[in-house]
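Quick notes on the structure that follows.
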Number of protein chains: 4
Amino acid sequence: MTARRLIPVSATLVLSLAAATGAIAKTPAAPAAATVVNQAISEAEVLGAQRAWCQALVDISTTHARSGQAAAKALAERVIDSAYGYQMGAVLFKPTLTVAPQTFRTTRAGALAYFVGGDAAFPKDTGFALKGWTNCEVANAAVFIAGDSATTMGNVRITNSKGDVTTVDKTWGYVKDDAGRLRIVLHHSSLPFSGN
Amino acid sequence: MTARRLIPVSATLVLSLAAATGAIAKTPAAPAAATVVNQAISEAEVLGAQRAWCQALVDISTTHARSGQAAAKALAERVIDSAYGYQMGAVLFKPTLTVAPQTFRTTRAGALAYFVGGDAAFPKDTGFALKGWTNCEVANAAVFIAGDSATTMGNVRITNSKGDVTTVDKTWGYVKDDAGRLRIVLHHSSLPFSGN
Amino acid sequence: MTARRLIPVSATLVLSLAAATGAIAKTPAAPAAATVVNQAISEAEVLGAQRAWCQALVDISTTHARSGQAAAKALAERVIDSAYGYQMGAVLFKPTLTVAPQTFRTTRAGALAYFVGGDAAFPKDTGFALKGWTNCEVANAAVFIAGDSATTMGNVRITNSKGDVTTVDKTWGYVKDDAGRLRIVLHHSSLPFSGN
Amino acid sequence: MTARRLIPVSATLVLSLAAATGAIAKTPAAPAAATVVNQAISEAEVLGAQRAWCQALVDISTTHARSGQAAAKALAERVIDSAYGYQMGAVLFKPTLTVAPQTFRTTRAGALAYFVGGDAAFPKDTGFALKGWTNCEVANAAVFIAGDSATTMGNVRITNSKGDVTTVDKTWGYVKDDAGRLRIVLHHSSLPFSGN
């Protein structure tokens with residue numbers, strides 16, 4: 001072997017620290033700022049994702065009223081594909097109004113049927129997002145950011161075209177995808193318990 | 001400087017790879033197996049934590065029946081302190097039967113009041129765990145293990161001393177603490193929606 | 001409002017548990033097995049990723065010998081794009097043989113130059129992967145799986161066509177991408193210190 | 001059963017949304033701000049942990065000079081126990097100056113021996129932290145925060161009492177413990193390669 005590219009240090013070499021580090025110290029210090037990649041989820045990102053969900057609900061309702069179910073369905077598909085994490089294998093989704101044996105909508109098809117109906121495989125779904133929602137607001141009780149996942153719990157209040165307000169108890173869980181976008185991987189929504 | 005402990009390589013040293021690695025190759029190879037620390041959450045751990053929650057519910061009921069509320073409360077405190085993550089700052093807990101404005105029990109006191117009652121600060125709590133539960137079973141719809149956190153969604157069916165079965169829609173979220181024990185950091189429980 | 005789709009419970013409704021859960025209990029229990037998504041990193045996946053890195057190193061050398069630098073470079077690009085995480089913003093990469101002020105190769109271009117040379121922006125790089133490597137073996141001292149990330153530390157021993165063996169101290173850090181593939185986001189390689 | 005605490009909704013109940021949500025809407029909205037628990041690692045925390053490591057190194061040297069090895073050892077133990085994560089099972093630690101077969105110090109005892117020497121089980125350790133260090137500075141090339149873990153890579157420059165500066169290539173990996181404190185779970189330090 002003639003090429004001498006790898007230079008492990010022989011056990012016989014003993015250099016003084018002064019000599020060696022003298023040379024090293026003359027090396028110009030790296031002046032550049034450090035590259036920082038921060039994938040931590042921020043509270044602002046979580047609140048933004050919540051607002052986006054609310055806006056999407058109203059948008060689907062508006063699209064339905066103006067352009068019909070097919071247009072609303074197309075929008076709902078885009079929303080699901082960008083805001084939920086079904087491509088990860090499953091989403092833990094318990095919508096507000098589903099019933100057994102189709103309570104849990106762990107597949108994309110089940111989520112889409114819930115939001116816009118029209119799927120014979122989910123015969124009880126009439127399209128939650130088509131009910132003429134005009135407003136949607138979030139009131140968090142708590143937000144827990146574990147660093148690379150975040151969960152929220154609180155109320156969501158949605159208003160229909162008559163001004164009726166429905167309050168639901170809502171839990172969302174988020175993770176970031178490779179592109180840095182929060183995706184819903186957990187969604188449990190329920191009507192408040194009415195005590196005695 | 002007389003001590004020559006640090007030996008950075010001078011820029012003038014050029015050794016042949018053959019010579020240097022010849023020496024290195026004679027070093028006895030590390031024979032030991034690698035130390036492996038695996039903090040990943042397993043499915044078995046998740047299912048075990050669910051069973052432990054069910055067992056604790058029945059145990060608190062049994063303790064209440066046999067030994068009274070004070071004993072049940074003491075047990076409930078031990079369960080909360082070992083199975084939930086309140087020491088992390090908050091738990092996102094929406095119990096089955098709470099109502100506004102105390103729906104969400106993000107503090108340990110709120111959880112304890114829900115399970116065993118007797119706290120004037122939570123006047124509507126009569127003690128969910130004191131209702132004579134004799135059995136508790138979990139039927140998961142989905143389990144999502146992100147690696148260092150896990151969430152489950154599905155039904156929990158609890159049976160009282162008369163044989164009545166109550167089914168709830170249940171979401172749990174877990175993380176591991178420093179000791180490697182799963183702790184509940186998210187718990188959303190709701191009665192099934194009753195469709196129209 | 002005529003449509004009666006949402007049915008929150010009025011505060012005036014009081015049903016007996018026996019009556020209500022009697023109905024619920026008749027609901028057929030969900031028979032299906034739970035959907036399980038497990039993104040935890042396993043030890044087998046980590047060891048597989050290490051073997052894949054070793055194989056890629058040998059493959060690039062072999063390709064270089066048979067088909068020249070351009071072919072080796074094309075292969076190295078595929079390796080970097082599939083095995084490293086540069087698309088996340090940066091990789092913390094300290095190759096074995098780099099020197100200041102280009103010691104750290106946090107960009108894809110810097111990694112490619114290190115492996116196959118030929119980049120005027122990295123004039124000291126002669127192509128580490130082109131040195132005729134014929135074998136590469138990993139001896140881990142420790143593996144730490146945090147759940148959604150994993151790190152390894154130990155020796156990697158690489159053999160050239162003359163049979164010379166070079167041992168390096170190697171740390172790798174991995175995360176999973178959206179597709180579930182481990183990617184190197186940290187790589188610190190250094191020649192062993194030669195003591196006094 | 002006379003106690004009527006659980007009130008699942010009967011399938012025969014159909015209430016108008018207007019009536020029901022009218023009642024709900026009158027419920028006073030939760031006014032309190034959300035509880036926010038944020039366990040994400042911040043860049044400031046990482047930089048702080050690095051500065052703390054540097055300060056601890058100088059402190060151990062100073063303590064050694066003033067009070068002797070026993071005092072330095074006691075301080076080093078406190079530093080290791082508070083700044084490293086050995087209690088998690090192992091730390092991936094490759095110190096600057098260790099040699100085979102004791103290159104990797106995955107145990108607390110191995111780390112302590114490296115820093116302060118005096119352990120017959122690690123006969124080549126003379127105590128890296130006892131070498132009279134008077135200054136320690138970090139120059140990061142890159143910082144990668146995954147959310148619940150963080151890694152840094154760059155140079156650390158340490159100065160002894162004669163003013164000699166030694167530069168090392170340094171990788172640190174951190175996670176947060178239950179108390180929210182960053183702990184080093186990965187530490188790979190190496191002298192710069194000296195090119196040909």
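Note on naming: letters A, B, ... go to the chains in the order of the sequence lines (proteins, then strands), and numbering restarts at 1 for each one. Note that these values count all heavy atoms, side chains included, but never hydrogens, waters or copies made by symmetry.
To the nearest 0.5 angstrom, A/Asn140 atom CG is 9.0 Å from B/Phe104 atom CZ.
By number of non-hydrogen pairs under 4.5 angstrom with chain B, the leading residue of A/Gly89, A/Gly154, A/Ala141 is A/Gly154. When A/Asp169, A/Thr151, A/Thr98 are compared by the number of non-hydrogen pairs under 4.5 Å with chain B, A/Asp169 comes out ahead. The most heavy-atom pairs under 4.5 Å with chain A, out of B/Met88, B/His188, B/Met153, come from B/His188.
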(request) Begin with the C-alpha distance, continue with both residues' side-chain angles, and end with the deciding distance and a verdict on side-chain contact (heavy atoms from CB on, under 4.5 Å) for A/Phe193 and B/Thr103. (result) CA-CA 9 Å; A/Phe193 172 68; B/Thr103 303; over 6 Å; no
(request) For side-chain contact (heavy atoms from CB on, under 4.5 Å), just list the numbers for B/Asp148 and A/Asp148, CA-CA rounded to whole Å, side-chain angles, deciding distance to a tenth of an Å, and then say yes or no. (result) CA-CA 10 Å; B/Asp148 59 0; A/Asp148 59 0; 4.1 Å; yes
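More than 12 heavy atoms of other residues, nucleotides or ligands shown are found within 6.0 angstrom of NZ on B/Lys176. B/Lys94 NZ: more than 12 foreign heavy atoms inside a 6.0 Å radius.
At a 4.5 Å heavy-atom cutoff, the contact between B/Leu186 and chain A is made by side-chain atoms alone. The contact between A/Thr171 and chain B is made by backbone and side chain atoms together, counting heavy-atom distances below 4.5 Å. With a 4.5 angstrom heavy-atom cutoff, B/Thr106 touches chain A only via side-chain atoms. In this structure, no portion of B/Ala146 lies under 4.5 Å from any heavy atom of chain A. If you measure heavy-atom distances from B/Lys124 to chain A, you find no contacts under 4.5 Å at all.
Using a 4.5 Å heavy-atom threshold, the side chains of A/Val91 and B/Phe144 count as separate.
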